[in-house]
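In what follows, a structure is listed as C-alpha cells, so that the remarks can point back to it.
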Amino acid sequence: MRYPLPLLISAILLLCSTTLHAGYTDNGNGSIADTSTGLMWQKEDDNSTRTWEAALSYCEALSLGSQTDWRLPNVRELASIVDAATHSPAINSTYFPNTNSSGYWSSSSNAYDSSYAWYVHFSYGDVGYYFKSNTSSYVRCVRGGL
C-alpha cells in the first residue's frame, strides 16, 4: 500500500516530536525554553493569521524577552512541540497557553513547488502544506536551532 507523501511526513514528524521531550521551562519573560532541543519558543502567539511572507517578517521583527534574533521555525522544529497525547490543541497548554487548534507556518518551503510552505496543524499535530499566499495560518516564533 502506498501512502501520500504528506501523510508519511506527518507520521514521521509526529513520531519524532513525541520522543524528543524531557520538558519545558517558562523563562518568565514571554518565552519558553525546550530543555530537550535547546530551542527557545514564543510562549503565546499574537492570535493573528498571516501569509507566509508576513510570518517571516513578523518573527524577524519580534523583540521578546530582551532577544531580537527570533525567526520562523522550520517544520521539524515546529513539529517538535506537538504533544500527541492531547488534541485541540495538540500542545502542552501549560507552557503554550491559548494556542489555536489551527495551522502554524514553518519556514520550510515545499521542495516540489516553492509556492507552498509546510505548516503544523495543532488540532491533532498534522503536518501539511499551504500556498504561501494563504492567510489562514498563525505564527509561533523560535530562536536557536536544531
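Hydrogens, waters and symmetry mates play no part in the numbers below; they use all other heavy atoms, side chains included.
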Decide yes or no for [X] and [Y]: does some side-chain heavy atom of the first lie under 4.5 Å from some side-chain heavy atom of the second?
X	Y	value
Ser102	Phe122	no
Trp105	Val75	no
Pro73	Ser106	no
Val139	Cys59	yes
Ser107	Asn74	yes
Val142	Met40	no
Thr25	Thr35	yes
Arg71	Cys141	no

Could you check whether [Y] and [X], counting side-chain N and O atoms only, form a donor-acceptor pair closer than 3.5 Å?
X	Y	answer
Thr99	Arg140	yes
Ser114	Lys132	no
Asp45	Tyr104	yes
Asn47	Asn100	yes

Inset, instruction - State yes or no: do Tyr116 and Val120 share one hydrophobic cluster built from I, L, V, M, F, W and Y residues joined by side-chain heavy-atom distances below 4.5 Å, directly or via other members? - result: yes
Legend entry - Residue from Trp52, Tyr129, Tyr130, Phe131 passing ring pair (Phe, Tyr, Trp, His ring centres under 6.0 Å) with Trp118: Tyr129
Could you check whether any side-chain N or O of [X] sits under 3.5 Å from a backbone N or O of [Y], counting only pairs where one atom can act as donor and the other as acceptor?
X	Y	value
Asp83	Ala85	yes
His121	Ser123	yes
Ser93	Phe96	no

Do you know which two heavy atoms are closest between [X] and [Y], and how far apart they sit?
X	Y	result
Glu77	Trp41	O-CZ2, 3.3 Å
Asp34	Tyr24	OD2-CE2, 3.6 Å
Gly23	Ser36	N-OG, 4.0 Å
Ala90	Gly125	CB-N, 3.7 Å
Gly30	Leu64	O-CD2, 3.3 Å
Thr68	Ser63	CG2-OG, 3.8 Å

Inset, instruction - Using the side-chain contact (heavy atoms from CB on, under 4.5 Å) rule, take Ile91 and Thr86 through it: C-alpha gap first, then chi angles, then the decisive distance, then the call. - result: CA-CA 7 Å; Ile91 196 167; Thr86 187; 5.9 Å; no
Legend entry - Six-ring centre of Tyr138, Arg50 cation under 6.0 angstrom, axis tolerance 45°: no
Inset, instruction - Output all residues satisfying side chain to side chain donor-acceptor pair (under 3.5 Å) with Gln67, sequence neighbours left out; order by chain, then residue number. - result: Arg143
